[in-house]
Amino acid sequence: MKGEVHLKKKVWIYAVLAFSLILSACSQSSSGQSDQKKSSGKLEIFSWWTGAGEEDGLKALIKLFKEKNPDIPIENAAVAGGAGTNAKAVLASRMQGNDPPATFQVHGGSELNDGWVAAGKMEPLNDLYDKEGWNDKFPKQLIDMVSKDGKIYSVPVDIHRGNVLWYNKKIFTDNNLEAPKTFDGFFKVADQLKKKGITPLALGDKEPWTATMIFENVLLGTLGNEDYQKLWKGEMKFDDPKVKKAAETYKKMLSYINSDHSSRNWQDASQMVAKGDAAMNIMGDWAKGYFVNDLKLKVNEDFGWVPTPGTENQFMIITDTFGLPKGVKNAKDVKQFLSVLGSVDGQDAFNPLKGSIPARTDADVSKYDEYGKQTIKEFKEAQLAASLAHGSAAPEGFVTKANQAVNIFVTQKNVNQLIDSLTQASSELKK
Ligand code: GAL
């Protein structure tokens, strides 16, 4: 009963959030230039990188910028909450009120292009790319993710990998286990761990995007790259037997998670693996930043990693980018910041701390640890898949509804209901 009330409350919160996002998107489409400026006049860098595992890279980048530009006052305007849970709502209301931050974190792909660019809120940056000679310094696929109709709208600071299964090495060694690469392997290992009283898989879905991340990984691992892409283009239906199979697999995986998942965030779940309270978790490689910077774990000694089941040679790509909103006062300074962010020095200050790899292809590989080096190499060889949970694969309206559906699924484990909800939500996908 209590769970039901809790669930209803959550559904309401999502409904209200989705409605306010739609409202703000509607009023954005009229897109006037800013006439009421409320920002401090400082160069405001807006993101959700605060606290554990998140802020070290940003701080290093800001420090570098200050060294190079001591006369430009800068303000770190980060709003806490993983994956932009709170920051995105604050940003939407500021954009709606014609009070954009000088520059803000936005994922390449749909979030940028079908969101702020389509609403007429961003300035193109082709001139900056030409001036900095960036057109052949970022991979073409990445430039495509930040472009619409031939215009480039933001500068990628990183490439995160979203299909990583992290595991506690001691637990695996002590129990004579190998990190699983297939779903069968996962369930085999999970059963053995469960028998020993060890929680096989840590989840912290207090913010629901983490559960969506596991689901998108199961989709990629089950469908393969081509069909996974078809889903977001509306070319494969959500009631396809393959999607149903993925939902069944996900349901089975959920029987191996910690019971207190809904009260934990992603850091709390990662911490379970770090401390040996759980054997594995599935999280983007910002978790590596958290393991190393905050929890002082040693790469490939205390924790190991493999691609999530069935996704070897696949790279679930998440790229954090920054652009120039229309109507900001200090556009020249913003471009100055973007120049540093897009430079080799900027990328190599940020990424080794963040857990990500550089977006540029000519960064200094020696600055990266064993995980980073391996990921830089694998990125070049892998097939890319855009993340749904992080807004690259599909428009915000769909992501919000998918998060809601997956969140209900984690509690109710009703495959048909999940398929129905996703099918209904698919009207939000681009035609
Ligand atoms: C993602 C973002 C990452 C990381 C993560 C957790 O959306 O791209 O950089 O911050 O959220 O908050």
Side-chain angles (χ1 to χ4, degrees), residues 45-62 76-91 103-112 115-116 142 145-146 154-164 166 202-214 216-217 264-271 281-294 315-323 341 346-347 349-359 372 375 379 384-394 396 399-400 402-403:
I45 315 297
F46 187 94
S47 76
W48 55 84
W49 292 325
T50 65
E54 297 270 59
E55 69 185 2
D56 297 324
L58 177 64
K59 282 187 167 166
L61 182 63
I62 290 179
N76 180 355
V79 174
T85 305
N86 308 312
K88 285 185 186 176
V90 173
L91 178 69
T103 186
F104 61 87
Q105 178 184 359
V106 59
H107 292 121
S110 189
E111 188 175 307
L112 172 70
W116 300 120
L142 204 62
M145 286 179 79
V146 296
S154 68
V155 186
V157 66
D158 65 26
I159 295 170
H160 272 300
R161 189 173 197 177
N163 57 320
V164 191
W166 307 96
L203 173 66
D205 65 339
K206 189 172 162 187
E207 295 163 353
W209 59 271
T210 55
T212 305
M213 267 195 92
I214 305 186
E216 71 184 12
N217 274 302
R264 290 176 180 266
N265 63 17
W266 73 263
Q267 285 101 332
D268 302 328
S270 304
Q271 206 174 76
N281 74 331
I282 289 175
M283 188 38 61
D285 50 15
W286 43 91
K288 194 216 71 183
Y290 178 55
F291 284 151
V292 174
N293 304 350
D294 294 81
F315 199 109
M316 186 72 81
I317 183 172
I318 297 147
T319 179
D320 295 300
T321 77
F322 287 78
L341 176 151
Q347 305 247 320
F350 180 90
N351 289 295
L353 293 169
K354 186 66 167 59
S356 38
I357 61 169
T375 308
F379 176 77
L384 305 187
S387 163
L388 171 71
H390 298 280
S392 297
E396 187 75 27
V399 178
T400 307
N403 275 334

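Every number for a ligand or one of its atoms is a count from 1 in the order of the listing.
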Derivation of the ring-ring contact (aromatic ring centres under 6.0 Å, His included) call for Trp48 and His390
CA-CA 13 Å; Trp48 55 84; His390 298 280; 8.2 Å; no
What atoms in ligand 1 come closer than 4.0 Å to a heavy atom of [X]?
X	answer
Ile318	8 (O)
Gly82	12 (O)
His160	3 (C), 9 (O)
His107	1 (C), 2 (C), 7 (O), 8 (O)
Lys354	3 (C), 4 (C), 9 (O), 10 (O)

Name the closest protein heavy atom to [atom], giving the residue it belongs to and the distance to 0.1 Å.
atom	value
atom 8 (O) of ligand 1	Asp320 OD1, 2.6 Å
atom 1 (C) of ligand 1	His390 ND1, 3.3 Å
atom 6 (C) of ligand 1	Glu54 OE2, 3.2 Å

To check you understand the geometry: which heavy-atom pair defines the closest contact between Pro156 and Thr321, and what is its length?
CA-CG2, 3.7 Å
Partner residues of Asp268 under the side chain to side chain donor-acceptor pair (under 3.5 Å) criterion, sequence neighbours left out
none
With sequence neighbours left out, the residues meeting side chain to side chain donor-acceptor pair (under 3.5 Å) with Thr212 are Asn403
Got an N/O contact under 3.5 Å between Trp286 and ligand 1?
no
Are any of the N/O atoms on Ala83, whether in the backbone or the side chain, positioned under 3.5 angstrom from an N/O atom of ligand 1?
yes
Please work out whether the ring planes of Phe350 and Trp49 are parallel, tilted or perpendicular, with thresholds of 30° and 60°.
tilted
Checking side-chain contact (heavy atoms from CB on, under 4.5 Å) for the pair Met283/Thr210: CA distance, chi angles, key distance, verdict?
CA-CA 7 Å; Met283 188 38 61; Thr210 55; 3.7 Å; yes
Could you grab the distance from atom CG of Asp56 to atom CG of Asp294, nearest 0.5 Å is fine?
6.0 Å
